[in-house]
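Take a look at the structure below.
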Amino acid sequence: MTAAHLAAGNVPVVLVDGSGRLGRGVAYSTTEPVHLLNVASAKMSAWPDQPDHFARWCGDEEGATFVERRAFGRYLGEQLAAAPGVDAVKAMALDARRQDDGWDVTLSDGRRIAASALVLAQGNQPPTPFPGSAALPPELFFNNPWSDAAHAGVERVAAEGSDVLILGTGLTMVDTVLSLVAAGHQGRITALSRRGLIPRAHVHPPAAPAPVELNEVPQGNVLALWRWLRARSAAVGFRAVIDALRPHSHALWQQLPAEEQRRFMRHARPWWDVHRHRIAPQVAEQLRELVAAGRLEIVAGRVGLMEAVDGRLKVAISRRDGRKVVREVGAAFNCTGPLGDLRRTADPLLRSLLDQGAIRTDTFAMGLDVDDRSRAGERLWALGPLTKGRYWEIVAVPDIRHQAQAVAADIQKDQPSHV
Ligand SMILES: Cc1cc2nc3c(=O)[nH]c(=O)nc-3n(C[C@H](O)[C@H](O)[C@H](O)COP(=O)(O)OP(=O)(O)OC[C@H]3O[C@@H](n4cnc5c(N)ncnc54)[C@H](O)[C@@H]3O)c2cc1C
């Protein structure tokens, strides 16, 4: 999106992605029709000033459909193809050094690019290995649920009909369950997280909007905000309340002192996430049916010892209700979410920039320390999930598209004349 905005302003752009997902990223490069957007088409336009652009693109007049994610990938691809002057390079960015007023970027194909501005739009980082998984065979324990290996694991357990363990009960768990079912898996799936909370569903027709002004919402204190949320949810429903906070989410987050932000992360985040990032109604229905049929069990608890025995994984689980169970599964998938501590990133570009001191992580190391214009350093911008520390709600298209437009404008404003 940023590249397209820059191109529209006649700024030559080199777009670098060596993952084979150029322009689509992790979310929209899925080829599986069962993977749906978790946001209705009315809110998925790439262009902030044409909010119905995507809904029109997919012929969804009402804008209430949860379209296949791969279709959104095609849409993004078309936006990019229509942008003049974007040089798309299939390579990884390995290193970047300050040079003159800009950056000298080294790519995995040996190419070097001299750029007057550098934008880090690297999305979520792959998850850290699940504790206790290091010694397990990689064909049984899949630490990266978005990898080709995990995809092959899904096909294998579906063919075998063996049981499966999913660690994490959020959106990635939902994706993995849908993939298993689509592959014909008939075994039992156990999905486990500390609280066993799963994403709530969107409803159709959508909840009637109940907008609020920022000054109506308690600021600076998580408990007060939480109480307000509960009271207002009782009056207008949680969906309307959460949606009404979207325009204010950056301000509300930034007005929390660091200690309150920490409190939010520690106590409120799991609840916030499942209410905020909801799933399509038909997906929620499918999950309900799987649970009712005994094929999917959502467990609150913790994993204990995991060991490989005769080509299976034996996993001890301590349930929150005090019971201890052991499951033997054909595969386990780490769906606990992307890397939470950016200081541990394995990405060579981020590593290099961190080691040089050209960028810093934010207070919680969720992402990068950026200013109010998403600048991470000199002639250096960051976007999307990398900027969670500053904005918190900046991981989905309805938020990122505004940031992409603003960053493109900022780059152009400060563009040196000698590019
Ligand atoms: C499974 C899943 C489903 C989602 N569904 C939705 C949804 O329905 N609606 C919604 O609004 N949001 C959804 N999201 C949120 C999603 O993350 C954002 O919508 C958006 O895709 C983030 O875009 P991005 O460009 O910041 O990162 P990404 O889309 O992740 O793109 C980053 C790209 O950078 C590449 N890269 C990283 N490092 C380097 C490097 N050093 N050199 C070269 N390339 C590099 C990566 O390989 C990747 O292709 C979903 C996220 C996930 C993970």
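All heavy atoms count here, side chains included; hydrogens, waters and symmetry mates do not. Just so you know, ligand 1 is whichever comes first in the structure, and atom 1 is the first atom listed for that ligand.
Distance from atom 26 (O) of ligand 1 to its nearest protein heavy atom, with residue and atom name: Pro385 CD, 3.4 Å. Among all non-hydrogen protein atoms, the one lying nearest atom 15 (C) of ligand 1 is Val395 O, 3.0 Å. Atom 22 (C) of ligand 1 has as its closest protein heavy atom Ile400 CD1, 3.7 Å. Atom 7 (C) of ligand 1 has as its closest protein heavy atom Asn38 OD1, 3.0 Å. Here the heavy atom of the protein found nearest to atom 27 (O) of ligand 1 is Gly123 CA, 3.1 Å. Nearest protein heavy-atom contact of atom 25 (O) of ligand 1 is Ala121 O, 3.9 Å. In terms of protein heavy-atom proximity, atom 40 (C) of ligand 1 is nearest to Met92 CE, 3.4 Å. Looking only at heavy atoms of the protein, atom 31 (O) of ligand 1 is closest to Gly25 CA, 3.6 Å.
Here is the list of ligand 1 atoms found below 4.0 Å of a heavy atom in Pro398: 11 (O). Close approach of ligand 1 to Val39 (heavy-atom distance below 4.0 Å) involves ligand atoms 9 (N), 11 (O). The Val16 neighbourhood of ligand 1 comprises atoms 43 (C), 44 (N), with distances under 4.0 Å to a heavy atom of that residue. Remark: ligand 1 atoms within the under-4.0 Å shell around heavy atoms of Ser19 are 47 (O), 49 (O). Interface atoms of ligand 1 facing Asp175, defined by a heavy-atom separation under 4.0 Å, are 1 (C). Each of the following atoms of ligand 1 lies closer than 4.0 Å to a heavy atom of Leu37: 8 (O).
His53 and Tyr75 have tilted rings, their planes meeting at an angle from 30° to 60° on a 0 to 90° scale. Between Phe142 and Phe333, the ring-plane angle classifies as parallel under the 30° and 60° cut-offs.
Distances between N or O atoms of Arg69 and those of ligand 1 include no value under 3.5 Å. In terms of polar-atom proximity, Val397 is counted as a contact of ligand 1, with an N or O under 3.5 Å from an N or O of the ligand. In terms of polar-atom proximity, defined here as any N/O pair under 3.5 Å, Ala93 does make such a contact with ligand 1.
Look at Asp347 and you'll find a heavy atom under 4.0 Å from some atom of ligand 1. Under the 4.0 angstrom criterion for non-hydrogen atoms, Pro338 is not in contact with ligand 1. Residue contacts with ligand 1 do not include Gln125, since none of its heavy atoms lies under 4.0 Å from the ligand.
Looking at Val181, Ile166, Ile189 one by one, the single match for side-chain contact (heavy atoms from CB on, under 4.5 Å) with Thr176 turns out to be Ile166.
Within the set Thr345, Val26, Asp17, the minimum heavy-atom distance to atom 33 (C) of ligand 1 is found for Asp17. Summarising the contacts of atom 10 (C) of ligand 1 with Tyr28, Phe72, Trp146, the nearest heavy atom is found in Tyr28.
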(message) Under the criterion ring-ring contact (aromatic ring centres under 6.0 Å, His included), I'd like the reasoning laid out for Phe264 against Trp392: C-alpha separation, chi angles, the key distance, then a yes or no.
(response) CA-CA 11 Å; Phe264 176 88; Trp392 177 243; 5.6 Å; yes
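When non-hydrogen atoms are compared, ligand 1 lies under 4.0 Å from neither the backbone nor the side chain of Leu171. Of the heavy atoms in His35, none comes closer than 4.0 Å to ligand 1.
For Arg373 and Trp381, the positive end is not near the middle of the six-membered ring at less than 6.0 Å and at most 45° from its axis.
Taking OG1 of Thr361 as the reference point, atom CG of Asp369 lies at 8.0 Å (rounded to 0.5 Å).
Counting heavy-atom neighbours within 6.0 Å of Gln282 CD, excluding the residue itself, gives a total above 12. Within a 6.0 Å radius of CD in Glu61, no more than 12 heavy atoms belonging to other residues, nucleotides or ligands are found.
The two residues Ala308 and Leu136 have their closest heavy-atom pair at N-CD2, 4.1 Å.
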